[in-house]
Amino acid sequence: MKNRKFLLLVFLLNIGCEDVIELDLPPSKPQLVIDALIGYNDTNGQSVTAGEVKLTLTTPFFEETLPAENATVSLIDMATSQSYELVENKPGIFDSGFPKLEFNREYMLQISFEGEIYTATEQLVKSTIIEKLEQDHGFLFNEDETEVKVTFTDLPGERNHYLFAFGWNNYLVVDDQFFQDEQLTFSYFYEKLKPGKKISISVFGINKVFSNYIEKLLAQSGEDMGNGGPFAIPNATIRGNIVNKTNPGNFAFGYFALSEFDTQPLTIR
């Protein structure tokens, strides 16, 4: 009897290995995802506002995300009540029409989509600059890695949080708790960079709330976020600062942030 049971188990396992299992997942109502990081830079004497507001819809597992079409996106200066309608140059991506941003005033992102209004209000957060980028010869795991050293000085007299972007959707959140008002140099290691490759590294000033949000995404998804960065695939357990003013129960994922930023290039030797 024991041998028969063993043979039956082996037979069932063999069948299971050969059959293709198709999962019939229950459909879910798509929810709006709002990825809005708008940056401001005037280190070269010319003020530049750049970034994008990207609108997508959540989809079932294994399916590509879809752009949220036929939306209207505005940025409102709360001090003057002036509204700036952003321009949609690609489906679901609004990346022009930004006003010149100023510190110490609030801006509201307002999105009208399918008869509902979504909003978030933020202030422009100051950032440090990247003082030096230099290539070095260290490595973490193998000699094929390329070490790049980043040097910056913490903004004095206040608690600061920074978001570093290294390209290819790799990010690092830095808290100045242990180096307040001091200069810091740290290393970042790239894989498979050939001589002559041009890279750029950016630093964004972010507030504590946005810092916590990004850290949770990085912790759950890993540092390398894949296509689209940490703002591309929302996690069901992580909510941002977007509020549905029309129907609070139909919340949106994502985050709206205004950040001063600095970008520096480097050519790999």
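Predicted model, so just to flag it, every value in this text is computed and none were measured.
Ring-plane geometry between F210 and Y213 is classed as parallel, the angle between the planes falling under 30 degrees on a 0 to 90 degree scale with a further cut at 60.
Proximity of V33 to L55: side-chain heavy atoms (C-beta onward) are nowhere separated by under 4.5 Å. L57 has its side chain out of reach of T65: every pair of non-hydrogen atoms, C-beta onward, lies at least 4.5 Å apart.
For the residue pair V53 and A36, the shortest heavy atom distance occurs at CG2-CB, 3.9 Å.
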Start with the C-alpha gap between F253 and Y255, add the side-chain angles, then the distance that decides, and say whether ring-ring contact (aromatic ring centres under 6.0 Å, His included) holds. CA-CA 7 Å; F253 291 106; Y255 207 98; over 10 Å; no
When you look at D176 and R159, which way does the salt bridge (Lys or Arg N to Asp or Glu O under 4.0 Å) test go after all the steps? CA-CA 7 Å; D176 72 351; R159 186 70 181 273; 3.3 Å; yes
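Partners of V48 according to the side chain to side chain contact (heavy atoms under 4.5 Å, CB included) rule, which considers only residues two or more places apart in sequence or in another chain, are A50. Annotation: side chain to side chain contact (heavy atoms under 4.5 Å, CB included) contacts of T151 (sequence neighbours excluded): E131, K132, Q183, T185. Evaluation of the side chain to side chain contact (heavy atoms under 4.5 Å, CB included) rule for N104 yields no partner, not counting sequence neighbours. With sequence neighbours left out, K100 forms a side chain to side chain contact (heavy atoms under 4.5 Å, CB included) with Y40, S47. In this view, Y118 satisfies the ring pair (Phe, Tyr, Trp, His ring centres under 6.0 Å) rule with no residue, not counting sequence neighbours. For D136, the salt bridge (Lys or Arg N to Asp or Glu O under 4.0 Å) criterion is met by K149, not counting sequence neighbours.
Through direct or indirect side-chain contacts shorter than 4.5 Å among Ile, Leu, Val, Met, Phe, Trp and Tyr, F189 is connected to L140, F141. Taking Ile, Leu, Val, Met, Phe, Trp and Tyr as hydrophobic and joining them when side-chain heavy atoms fall under 4.5 Å apart, one finds M108 in a cluster with I76, M78.
Judged as a ring-ring contact (aromatic ring centres under 6.0 Å, His included), the pairs with a partner in residues 144-163 (not counting sequence neighbours) are, in order, F152-Y162, F152-F164, F152-F179. Among residues at least two apart or in separate chains, there is no ring-ring contact (aromatic ring centres under 6.0 Å, His included) pair with a member in residues 85-109. For residues 255-269, the set of pairs meeting the salt bridge (charged side-chain N to carboxylate O under 4.0 Å, His left out) definition, not counting sequence neighbours, is empty. Contacts classified as side chain to side chain donor-acceptor pair (under 3.5 Å) and involving residues 69-82 (residues at least two apart or in different chains) are given here: D77-R105, Q82-Y84.
More than 12 heavy atoms of other residues, nucleotides or ligands lie within 6.0 Å of CD in E158, so this atom counts as buried by the packing criterion.
Side-chain polar atoms of E122 and N207 form a donor-acceptor pair below 3.5 angstrom.
L32 and V243 fall into different hydrophobic clusters, where Ile, Leu, Val, Met, Phe, Trp and Tyr side chains are chained together by heavy-atom contacts under 4.5 Å.
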